[in-house]
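One structure below.
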Amino acid sequence: MALQSRHLLGLRDIPAEDITSILDAAVSFKEILSRPIPKVPTLRHVTVVNAFFENSTRTRISFELAEKRLSADVVNFSSSASSVNKGETLIDTIKNIEAMKIDLVVMRHPLPGAHTLLIKHCASKVINAGDGAHEHPTQALLDMMTIREQVGSFDKLRVTLVGDISHSRVALSNIYGLQTMGAKVAVCGPPTLIPRHLENLGVKVYHDVDEAIAKSDVLNVLRIQQERQDQGLFPSIREYHAGFGITSARLDKLNRPILILHPGPINRGVELDGDVADGPHSVILQQVTNGVAVRMAVLFLLAGGENELE
Ligand code: NCD
């Protein structure tokens with residue numbers, strides 16, 4: 001059992017069989033995580049560097065826990081406390097770390113495509129933990145694991161990503177992964193937050209959130225990425241919430257279940273109301289739990305796929 005690619009840079013070119021292998025392995029790892037001793041020796045021969053050139057809470061902790069649960073040796077590196085601030089290039093930084101004998105780099109970087117550059121210069125396997133507004137494959141995989149756990153199959157499932165699609169790496173990875181698995185993917189948001197080429201990917205575009213809710217089985221609500229917006233792309237937070245915020249009043253109009261996901265961090269009262277985030281439709285904390293299992297699965301399949309699960 002191994003993936004077709006040496007690295008996980010994005011979901012654009014990952015075949016359905018590989019996504020299924022990752023999600024299936026993640027189910028086994030989730031079981032291991034519920035044991036009294038939630039740890040296996042599978043990757044004890046592997047050294048992983050978590051290189052974060054951008055802020056992160058969940059993703060970083062989740063990767064580190066996944067690595068430790070698999071008994072890998074783990075080194076953490078963040079750009080704010082490194083020689084990057086002394087002018088060192090990305091390639092030099094990683095080559096120096098690599099010279100200390102490591103096997104795998106988990107990297108988050110603000111530049112889209114930074115990982116593609118990295119694999120040209122480094123021998124290690126690379127996992128993308130987010131590159132600018134491009135891709136965030138493990139987030140999409142954990143979203144998919146959570147959806148599959150709740151509804152069973154992706155076939156013709158209507159999944160709508162709501163919010164700031166333009167600035168979200170979670171959106172693109174979800175679109176690629178879900179489409180590969182047979183779901184019908186849509187996006188919803190103000191025109192200024194939806195890239196124009198998106199319809200070419202076979203994605204339906206809604207600008208009316210009530211219509212999107214009525215036509216969806218799953219909503220993946222994305223954060224308004226204020227730190228990436230250099231211009232006002234909607235009049236005010238209040239107006240954004242009035243037009244696109246997911247509220248219980250909006251969901252109550254539906255007389256059927258709908259699944260609410262959010263990758264976090266949530267801006268409560270902006271893209272998602274607190275009572276919805278904490279309410280019966282929400283699987284947001286299950287996503288976080290599944291994140292560790294999915295990352296264990298990816299690490300296992302890339303770095304140690306030849307070993308048996310114990
Ligand atoms: C996302 C990210 O960093 O891209 N969060 C995450 O990884 N859990 C989404 C976001 O920042 O809004």
Side-chain angles (χ1 to χ4, degrees), residues 8-12 26 50-67 76 78-80 106-115 127-147 159-178 187-190 193-195 219-230 233-234 237 240-241 244-246 260-274 276-277 282-296 298-299:
L8 182 66
L9 304 194
L11 292 191
R12 197 182 72 174
N50 298 313
F52 278 68
F53 295 86
E54 204 187 72
N55 297 344
S56 172
T57 312
R58 253 160 303 267
T59 305
R60 189 178 168 149
I61 293 175
S62 183
F63 266 111
E64 190 173 342
L65 267 177
E67 291 148 7
N76 288 308
S78 79
S79 56
S80 55
V106 174
M107 183 170 86
R108 171 167 286 193
H109 200 281
L111 267 185
H115 301 73
I127 298 176
N128 180 1
D131 60 329
H134 182 221
E135 283 224 45
H136 190 356
T138 57
Q139 178 66 46
L141 288 164
L142 76 88
D143 294 345
M144 292 168 74
M145 176 181 183
T146 310
I147 295 171
V159 183
T160 303
L161 300 149
V162 185
D164 187 352
I165 311 299
S166 300
H167 299 90
S168 169
R169 49 193 170 216
V170 180
L172 205 53
S173 291
N174 262 275
I175 291 169
Y176 291 139
L178 285 163
V187 297
C188 176
L193 294 183
I194 297 185
L219 299 182
N220 196 344
V221 187
L222 305 178
R223 186 173 64 90
I224 297 300
Q225 309 243 332
Q226 298 186 65
E227 77 278 17
R228 291 190 209 279
Q229 295 185 13
D230 43 16
L233 294 172
F234 49 86
I237 293 290
Y240 180 82
H241 180 260
F244 295 94
I246 305 301
I260 304 293
L261 287 83
H262 190 303
I266 303 173
N267 292 147
R268 284 175 183 251
V270 182
E271 68 270 1
L272 185 64
D273 275 4
V276 178
S282 167
V283 286
I284 294 171
L285 291 177
Q286 283 95 309
Q287 286 175 269
V288 179
T289 303
N290 288 343
V292 179
V294 152
R295 292 180 172 115
M296 288 171 81
V298 170
L299 289 157

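We count ligands from 1, going down the list as the structure has it; atoms in each ligand are counted the same way. Position 1 is the first residue of the sequence; numbering continues from there.
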- Item | From E135, H136, R58 - option closest to atom 7 (O) of ligand 1 by heavy atom | H136
- Kindly write out the residues that satisfy salt bridge (charged side-chain N to carboxylate O under 4.0 Å, His left out) with R268, not counting sequence neighbours, or none if the list is empty. D278
- Query: Do any heavy atoms of R108 fall under 4.0 Å from ligand 1?
  - Reply: yes
- Message: If the cut-off is 4.0 Å to any non-hydrogen atom of R169, which atoms of ligand 1 fall inside it?
- Response: 2 (C), 3 (O), 4 (O)
- If we ignore angles and hydrogens, is there a donor and acceptor under 3.5 Å between the side chains of H167 and R223? no
- Contacting atoms of ligand 1, where contact means under 4.0 angstrom from a heavy atom of T59: 6 (C), 7 (O), 8 (N)
- Find all atoms of ligand 1 within a distance of less than 4.0 Å from any non-hydrogen atom belonging to R223, and give their numbers and elements. 10 (C), 11 (O), 12 (O)
- Pick whichever of G264, P265, S168, S173 has a heavy atom sitting closest to atom 5 (N) of ligand 1. G264
- Tightest non-hydrogen contact, residues S62 and R295, listed as OG-NH1, 2.8 Å
- Nearest heavy-atom pair of V276 and S282: which atoms, and what distance? O-CB, 3.3 Å
- Message: Heavy-atom contact check, 4.0 Å cutoff: does P263 meet ligand 1?
- Response: yes
- So the atoms of ligand 1 within less than 4.0 Å of a heavy atom of Q139 turn out to be 6 (C), 7 (O), 8 (N)
- Would N128 and E135 count as having a side-chain donor-acceptor pair, cut-off 3.5 Å? no
- Item | Distance-only donor-acceptor check, side chains H262 and E271, under 3.5 Å | yes
